[in-house]
Novice: 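My questions all concern the structure below.
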Amino acid sequence: MQEHQHNIKLPDGSIERQTTTLNLGPTHPATHGVFQNILEMDGERIVSAESTVGYIHRAFEKLAERRPLYQITPLTDRLNYCSSPINNMGWHMTCEKLLGVQTPKRVDYLRVIIMELARVADHVICNSVIGVDTGALSVFLYVMQYRELIYEIYEEICGSRLTTNIGRIGGFERNFNATTWEKLERFLKEFPKALKEFENLLMRNRIFMDRTIGAGPISAERALNYGFTGPNLRASGVDYDVRIHTPYSSYQDFNFNIPVGTTGDVYDRWLVRNQEMWESLEIIKQAYQKIQEFKGEEAEVYHANVPEYYLPKKEDVYTKMEALIWHFKIIMGETAIPAGEVYHSVEGGNGELGFYMISDGGRSPYRLHFRRPCFIYYQAYAELVKGAMLADAVAVMSSLNLIAGEMDA
Amino acid sequence: MQALTQKSKPVSREPMSLMEKIYLPAVLKGMSITFSHMFKKKPTVRYPEETRPFSPVFRGLHVLNRDEEGRENCTACGLCAVACPAEAITMEAAERKEGEEHLYREEKYAARYEINMLRCIFCGLCEEACPKDAIYLSETFAPASFARKELVYAKNDLLIPNPKTEPEAFAKAKGLKPIK
C-alpha cells in the first residue's frame, strides 16, 4: 500500500504525531445512533478508522433463552426499528418452521403486504437521510408524512406504530378491517407521486451526485467476503435477494425485479433502494389484487388453524372450557415445542435478517441467534471510509443503513 | 459477477447531461418544488391542542376494567404477569370475604396490582393474555412524572371509574375502545 502523504511536516526527531484523533460518536448527531468511530485524521482526510460496537447491547439473544416463543416478538421489534414488522414476521416464520405450522395463502399475502410496506418505510427513511447528510433537509420532511400513512396502517392492525409486535405465530392477531384497506388504497394512490417528487429532488441533482458518486465504494468481491446482503450487496452488482433465492411467505407468486448497481458507492445504494421502493409498491398491488380474489370463507382467513399455538377467540375463552385451557397453556408457554434446529431468513429492510434457533424441547429456545445485517456492514465501515473526507464518512454511514439497535442487538 | 437470476435489472446511472452540469435549471426545478409545498395542506397536528384520531385497537396506558355493576373483573390469576415480556406487572391475590360481593366479581381478587410504567413496553400481551376482560390498553398515552416512584402505577391509578357512582368518567375512560 502506498504511504500516506501527511500535510503536517514535523522537524526531524520530533515525537509529535502527524494526525489528529477524532471521536465520531458514540453520541453524535450525524451518526443517527450509537456508533463510535475513532478516526485518525490528517486534516479533512481519514487515515484510519476504528469502529466500536456494543454501546446499546441489550443481550436479546440471552433474554430470549428464558422467554416463551411469543414473548420474543417484542424483542425483535427493537432490532431494526425502521422496519420492525419484517423482523416480527421473520420470527413468526422461524417459529412456524420449527413447529411445522402451514399458513394459508391469504395469511402469506397479508404478510407480504405488511413486509413490503415496512420495506418502503425503511428505504424511504434511509434514502431521505442520505439527503439530509449531504445537505438536503426538505426532501426528508416531505416524505415523512408518507411514512406516517404506513404507520397508521400498522396501527389499525396491531395498535402500535413503531415497536409493532404485529402478527402471531400462525397468522395475525386480527383481520384487516375496512379502514386498513382504505388506508392502504390511499397510500398506494398518494405515495407514487411523492416518490416521483423525491426522485426529482435528489436523483439527478448535481450536488447530490457530486457528493455521492464514488463515495465509499465496495467491489462485489469484497462485499461478498464481508458477508454483505440486501441493498448494499445489490448495489455492488450481485443480484442476491432472499425473496427470490429462498422464497418465504409465498414470494414465488409475485413478479418483481431485483435492481442492481455496479460500483457499490453511496449513489448506487441510493438508486438501488429507490428502485426497490417501486418494486415493493408493485408487490403490494399484486398482493392486494390476489387478496381480493379470495371468495367466501377463504376471504376471512387471517390465521392458520393451529389451536396449540394460536390463541383462541376471546369470546370462546370467556365461555368455553376447552378454549380457556388452550388459552392458559399457550400463555404459560406450556405447549409442546419440538426439539430441533432451524434457520430461517427474511429479506429485511437492510439485508438478510436470519434467525437461528436451537430448541431442546423446553418452553423457550435453548439458543437463539439473530443474523443482523448491520453488524456485518459495520465491520466494513473502516475499509469504506479509509482515505475519504470526513463529510463522506457520515454519508457512507447512512447509506449503509446502519441501525444501532440492530447492530448491537 | 455472473448473474444469479434472470430478474436482475441494472439501475440507470447515466453521466450528467450538460443541462444537469450547468446546475442552474436544477436549482430552479428544486426551488419550484419546494415553493409549491408552501401551498399544500399541512400534515402536522398541533399537539397537544389537537390530537389525531387513534385506531380503536391503539395500545396506550393500561386500565383495570369493571363490569356494569362496578365490580372489579380481575381475579388475580397472574396470566398478565406471566405474559409480560418486560416483567412489569406484580400482583397479590386475596380471597373475597362475605359482604364484598359488590366489590369483586369473582371469589378471588387482586389485593395489590402494580404496573411499572418505566418497564412497560406497551406490547399488548397482557391484554391478550387476560381471560377475564380485566386489563386492557386505552388510548391515553405519554405519562409523565418528576419522580420514578409515581410511575409505578398502583391499583387505584389503573382502575376504571365506577360506572355506578361516576358513569360519565367511566364512559370517558372506556372511550371508543370496544372490549374484545
Side-chain angles (χ1 to χ4, degrees), chain A residues 67 70-75 77 138 142 144-145 148 152 155-160 163 165 173-174 179 197 200-201 204-207 209 220-221 234-241 244-245 256-263 267-268 271-272 274-275 311 314-315 317-318 324 327-328 331-333, chain B residues 1-17 19-24 26-27 29-30 33-34 36-37 40 42-44 52-60 77-80 82-86 121-133 137 139 179-180:
Chain A
R67 299 254 189 288
Y70 72 95
Q71 283 184 26
I72 297 168
T73 324
L75 296 179
D77 279 342
S138 45
Y142 296 158
M144 206 44 125
Q145 53 175 304
E148 197 65 18
E152 280 182 19
E155 194 192 311
E156 276 310 316
I157 300 158
C158 68
S160 191
T163 47
N165 188 18
E173 58 266 59
R174 54 179 72 80
T179 329
E197 187 188 89
N200 280 341
L201 280 168
R204 306 298 302 174
N205 180 319
R206 181 166 174 189
I207 298 182
M209 288 171 88
E221 197 194 356
R234 291 195 280 273
S236 307
V238 185
D239 52 344
Y240 174 73
D241 190 318
I244 284 176
H245 285 88
F256 60 98
N257 295 318
I258 314 175
V260 288
T262 42
T263 60
Y267 190 58
D268 257 343
L271 288 173
V272 165
N274 189 56
Q275 196 53 42
L311 282 176
K314 277 275 159 152
E315 302 94 73
V317 174
Y318 300 151
L324 188 66
H327 184 87
F328 266 76
I331 298 285
M332 312 270 284
Chain B
M1 269 305 287
Q2 66 189 54
L4 302 170
T5 58
Q6 307 292 319
K7 291 192 169 186
S8 66
K9 188 175 138 192
V11 289
S12 107
R13 220 185 126 104
E14 296 163 30
M16 274 182 268
S17 67
M19 277 293 265
E20 281 159 354
K21 270 190 187 149
I22 295 171
Y23 185 63
L24 203 63
V27 170
K29 193 173 144 197
I33 291 176
T34 27
S36 72
H37 269 268
K40 286 193 179 157
K42 287 195 187 83
T44 44
R52 60 179 197 91
F54 290 111
S55 91
V57 291
F58 187 78
R59 304 200 305 245
C77 66
L79 269 199
C80 48
V82 170
C84 183
I121 57 170
F122 300 96
C123 62
L125 288 180
C126 50
E127 181 184 20
E128 212 172 88
C130 184
K132 287 289 172 193
D133 187 18
L137 302 184
E139 287 178 18
I179 305 301
K180 278 188 290 181

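Each chain gets a letter, A, B and so on, in the order its sequence line appears, and its residues count up from 1. Note that these values count all heavy atoms, side chains included, but never hydrogens, waters or copies made by symmetry.
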Novice: Let me know if Glu14(B) has heavy atoms under 4.5 Å from chain A in its side chain, its backbone, both or neither.
Specialist: both
Novice: For Lys29(B), which atoms come within 4.5 Å of any heavy atom of chain A: side chain, backbone, both, or neither?
Specialist: side chain
Novice: Sort Arg204(A) into side chain, backbone, both or neither according to what part of it lies under 4.5 angstrom from a heavy atom of chain B.
Specialist: both
Novice: How far apart are the C-alpha atoms of Arg234(A) and Asp241(A), what are their side-chain angles, what is the distance that settles it, and do they pass the salt bridge (Lys or Arg N to Asp or Glu O under 4.0 Å) test?
Specialist: CA-CA 8 Å; Arg234(A) 291 195 280 273; Asp241(A) 190 318; 3.5 Å; yes
Novice: So, for Cys126(B) and Cys80(B), which heavy atoms are closest and what is the spacing to 0.1 Å?
Specialist: CB-CB, 3.7 Å
Novice: Going by heavy atoms in the side chains, are Asn165(A) and Ser160(A) under 4.5 Å from each other?
Specialist: no
Novice: Not counting sequence neighbours, which residues clear ring pair (Phe, Tyr, Trp, His ring centres under 6.0 Å) with Tyr142(A)? List them please.
Specialist: His37(B)
Novice: Any salt bridge linking Lys314(A) with Asp133(B)? Criterion: basic side-chain nitrogen under 4.0 Å from a carboxylate oxygen.
Specialist: no
Novice: Select one option (side chain, backbone, both, neither) describing which atoms of Leu311(A) are under 4.5 Å from chain B's heavy atoms.
Specialist: side chain
Novice: Who among Ala26(B), Gly30(B), Gly124(B), Pro43(B) has the most heavy-atom pairs with chain A under 4.5 Å?
Specialist: Pro43(B)
Novice: Examine whether an atom of Thr73(A) lies under 4.5 Å from a heavy atom of chain B, and if so say whether it belongs to the side chain, the backbone or both; otherwise answer neither.
Specialist: neither
Novice: For the pair Asp268(A) and Arg13(B), find out whether any cationic side-chain nitrogen is under 4.0 Å from an anionic carboxylate oxygen.
Specialist: yes
Novice: Sort Tyr70(A) into side chain, backbone, both or neither according to what part of it lies under 4.5 angstrom from a heavy atom of chain B.
Specialist: both
Novice: To the closest 0.5 Å, what do you measure between CG (Asn257(A)) and CG (Asp239(A))?
Specialist: 11.0 Å
Novice: Please classify the contact of Ile207(A) with chain B as side chain, backbone, both or neither, using a heavy-atom distance under 4.5 Å.
Specialist: both
Novice: What closest approach, in Å, do Ala129(B) and Leu79(B) show between heavy atoms, and which atom pair accounts for it?
Specialist: O-CD1, 3.4 Å
Novice: Quick one: which of Val272(A), Val317(A), Asp77(A), Leu271(A) has the most heavy-atom pairs under 4.5 Å with chain B, could you say?
Specialist: Leu271(A)
Novice: Within the structure provided, determine whether Leu125(B) and Gln71(A) are in side-chain contact (heavy-atom separation under 4.5 Å).
Specialist: yes
Novice: Of all of Met209(A), Glu197(A), Gln145(A), which one pairs up most often with chain B through heavy atoms under 4.5 Å apart?
Specialist: Glu197(A)
Novice: Which answer fits Ile244(A), side chain, backbone, both or neither, if we ask what part of it has an atom under 4.5 Å from a heavy atom of chain B?
Specialist: side chain
Novice: Go through the atoms of Asn200(A) and report whether side chain, backbone, both or neither lie under 4.5 Å from a heavy atom of chain B.
Specialist: both
Novice: At a heavy-atom distance under 4.5 Å, which candidate from Cys158(A), Gly261(A), Ala235(A), Ser138(A) has the highest pair count against chain B?
Specialist: Cys158(A)
Novice: Glu155(A) versus chain B, heavy atoms under 4.5 Å apart: side chain, backbone, both or neither?
Specialist: both
Novice: Side chain, backbone, both or neither: which part of Thr179(A) has an atom under 4.5 Å from a heavy atom of chain B?
Specialist: neither
Novice: Could you tell me whether Glu173(A) and Arg59(B) make a salt bridge, using a distance below 4.0 angstrom between a side-chain N and a carboxylate O?
Specialist: no
